[in-house]
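Working notes, beginning with the structure itself.
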Amino acid sequence: MSIEEIFERYVESKIFKDREKLLPDYVPEELPHRDEQILKLASILAPALRGSRPSNVFIYGLTGTGKTAVTKYVLRKMKEKAPQTVEYAYINCRQNNTSYRVLAELAKHVGVKIPFTGLALGEVMKRLLQGLERRRYVLIVVLDEIDNLVKRQGDDVLYFLTRVNENLSSSKVSLIGITNDLKFTEFLDARVKSSLGEEELVFPPYSAAQLEDILRRRAKEALHEGVVDDEVLRRVAAIAARQNSDCRLALDILLKAADIADREGASRITLEHVEKARNEIEKNLAVDIIKTMPLHVKLVLASIYLLSRSDSARMITTGLIYDKYKELVGKVGIEPVTSRRVSDIINELDMTGIINAKVISLGRYGRTKVVSLGVPARNVEEGLMSDLILRSLIENMEE
DNA sequence: AATCCACAGGAAGTGCTGGGCG
DNA sequence: CGCCCAGCACTTCCTGTGGATT
């Protein structure tokens, strides 16, 4: 296929009308099945329109339940209504996962320049305060995936932000904390907890039927007519429903399936396209994470991988992993990290979902963690193989 | 009922990076 | 220039513990 043909095919796609409408950060004009949450959030935040400080809000809900979309949607509407008095700052705490970065990001919204490293935290807070004082508005700060911040750094920043109004006369600050960890508040200082949780909002998962409805509406915007039928939509909805009813995943699969169909030059999306899309998403997720892991993390993962294929009956425990890891490290000729560190690495891997780890007690034979792979072994292999050191290591072991 | 294994995982500290500020 | 800052990857030292075996 020539380059012209590829471009030509893309320009006059038989599948897409407007591909952007399926991208993850697109917020549609209507958010079906979230009316209750929209109205509640709007009524909580409404005082900002008159220039008074709304209550802080805490939003719970699993991934892909529309928390971020609803929040952005409501704030956008408010800003349209009162562009002079209302301002909002959306900060994702997964990307900005340190106290410093969150404050620096916030300062940027207020128009204060903060270098990305070097300053003392207290200094950043001072400058942020000065910046806020120069303004006259209600600033609504959205801290998305806030659990990432608190678990790693503690709640110092939150404490500062909940009390920031005491030091301000012209501007006001409200907080919206979003998390998908329902037990999150346990980590919080009591004062922060009560202040942040002035209002709470829970986002229940979508039902399969609701997912299907959302998909149908979105497909209408993004795809040409007749490209998907109900059977395909139902299938996508069913897959997502099994995964905690994650709507983002549902849209992701639909997009990928549409991409595959488009690339093949098909005129409709079939169940096979959906199946391929699902596999590809699953694979990419794992492979991408593995590729970017630091060396020792890869080595630990390689140990688990090798153990799981050598003796499938044997339970894989921390001690076994550490022995294998030392063996691998020896072959490469680098110094091993301590077992304490490996224990942390196993936990890190567990959090990504690439492995599953569970503490169990073997009675007399101690207390340990049993580990298993959380994704297909070939995906792990593919991820590890992209690293030259790991590649030669694994190929040697297989002989 | 007591013991004791094989770790789990907390606390504190080190050395390094990449940057301030005066 | 010298000193300070935050963050990260890691070490050192440590206390805690579920439950099969004695």
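Throughout, protein chains are lettered first and strands after them, A, B, ... in sequence-line order, and every chain is numbered starting at 1.
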Reading 5' to 3' through nucleotides 15-22 of chain C, protein heavy-atom contacts under 4.0 Å coded B for base, S for sugar-phosphate only, - for none: -BBBBBSS

Test: A/Arg163 and A/Glu166 ion pair at under 4.0 Å: yes

Residues touching DNA chain B, which here means a heavy atom under 4.0 Å, drawn from residues 116-126 of chain A: A/Phe116, A/Thr117, A/Gly118, A/Leu119

Within 45° cone and under 6.0 Å: A/Arg218 NZ/CZ vs A/Tyr26 ring: no

Pairs of donor and acceptor atoms involving the side chains of residues 188-197 of chain A, under 3.5 Å and at least two apart or interchain, shall be tabulated with distances.
{"from": "A/Asp189", "atom 1": "OD1", "to": "A/Arg191", "atom 2": "N", "distance (Å)": "2.8"}
{"from": "A/Asp189", "atom 1": "OD1", "to": "A/Arg191", "atom 2": "NE", "distance (Å)": "3.2"}
{"from": "A/Asp189", "atom 1": "OD2", "to": "A/Arg191", "atom 2": "NH2", "distance (Å)": "3.4"}
{"from": "A/Arg191", "atom 1": "NH1", "to": "A/Tyr159", "atom 2": "OH", "distance (Å)": "3.2"}
{"from": "A/Ser194", "atom 1": "OG", "to": "A/Arg191", "atom 2": "O", "distance (Å)": "3.1"}

Segment of DNA chain B, first to last nucleotide, that comes within the 4.0 Å heavy-atom reach of chain A: B/dT3 to B/dC21

Pairing of A/Arg378 and A/Glu382 as salt bridge, 4.0 angstrom limit: no

Flag for A/Arg152-A/Asn148: side-chain donor and acceptor within less than 3.5 Å: no

Sequence-distant partners of A/Glu272, salt bridge (Lys or Arg N to Asp or Glu O under 4.0 Å), two or more places apart: none

Cationic tip of A/Arg19 above A/Phe16 ring, under 6.0 Å, 45° of axis: yes

Integer-rounded Å distance: C/dC5 P and A/Arg127 CZ: 14 Å

A/Asn180: side chain to side chain donor-acceptor pair (under 3.5 Å) partners, not counting sequence neighbours: none

Candidates A/Asp18, A/Leu255, A/Ile269 - the one meeting side chain to side chain contact (heavy atoms under 4.5 Å, CB included) with A/Leu223: A/Ile269

NZ-CD1 distance between A/Lys40 and A/Ile59, expressed to the nearest 0.5 angstrom: 10.0 Å

Donor-acceptor side-chain pairing of A/Thr179 and A/Glu145 below 3.5 angstrom: no

Whether A/Ser386 side chain and A/Lys291 backbone form a donor-acceptor pair below 3.5 Å: no

Near-strand residues of residues 334-343 of chain A, defined as heavy-atom separation under 4.0 angstrom from DNA chain C: A/Pro336, A/Val337, A/Thr338, A/Arg340, A/Arg341

N-O pairing of A/Asp229 and A/Arg268 below 4.0 Å: yes

Student check: side-chain heavy atoms of A/Leu301 and A/Leu349 closer than 4.5 Å: yes

The helix from B/dA1-C/dT22 to B/dG22-C/dC1: angle between end helix axes, five pairs per end, rounded to 10 degrees: 30°

Sugar-phosphate, base or nothing in reach of A/Asn347, heavy atoms under 4.0 Å: sugar-phosphate

Residues from residues 104-112 of chain A lying under 4.0 Å of DNA chain B - heavy atoms: none

Polar side chain donor-acceptor pair, A/His109 to A/Glu87, under 3.5 angstrom: no

Carboxylate-amine/guanidinium proximity below 4.0 Å for A/Asp350 and A/Lys369: no

NZ/NE/NH1/NH2 to OD/OE distance under 4.0 Å, A/Glu105 and A/Lys108: yes

A/Lys72 charged N/C atom sitting above A/Tyr90 aromatic ring, 6.0 Å / 45°: yes

Sequence-distant partners of A/Arg134, side chain to side chain donor-acceptor pair (under 3.5 Å), two or more places apart: none

Donor-acceptor side-chain pairing of A/Glu133 and A/Ser171 below 3.5 angstrom: no

For the student: nearest non-hydrogen atoms of A/Leu328 and A/Ala302, plus distance: CD1-CB, 4.0 Å

Distance in angstrom units between A/Arg152 CZ and C/dG7 P, rounded: 10 Å

Salt-bridge contact A/Glu381-A/Arg309 (side-chain N to carboxylate O under 4.0 Å): yes

Within residues 314-330 of chain A: residues closer than 4.0 Å to DNA chain B (heavy atoms): A/Thr318, A/Gly319

Co-membership, hydrophobic cluster, residues A/Ile260 and A/Leu23, 4.5 Å side-chain: no

Interatomic distance, A/Leu299 CG vs C/dC10 P [rounded to whole Å]: 11 Å

Proximity to DNA chain C (any heavy atom under 4.0 Å), residues of residues 348-355 of chain A only: none

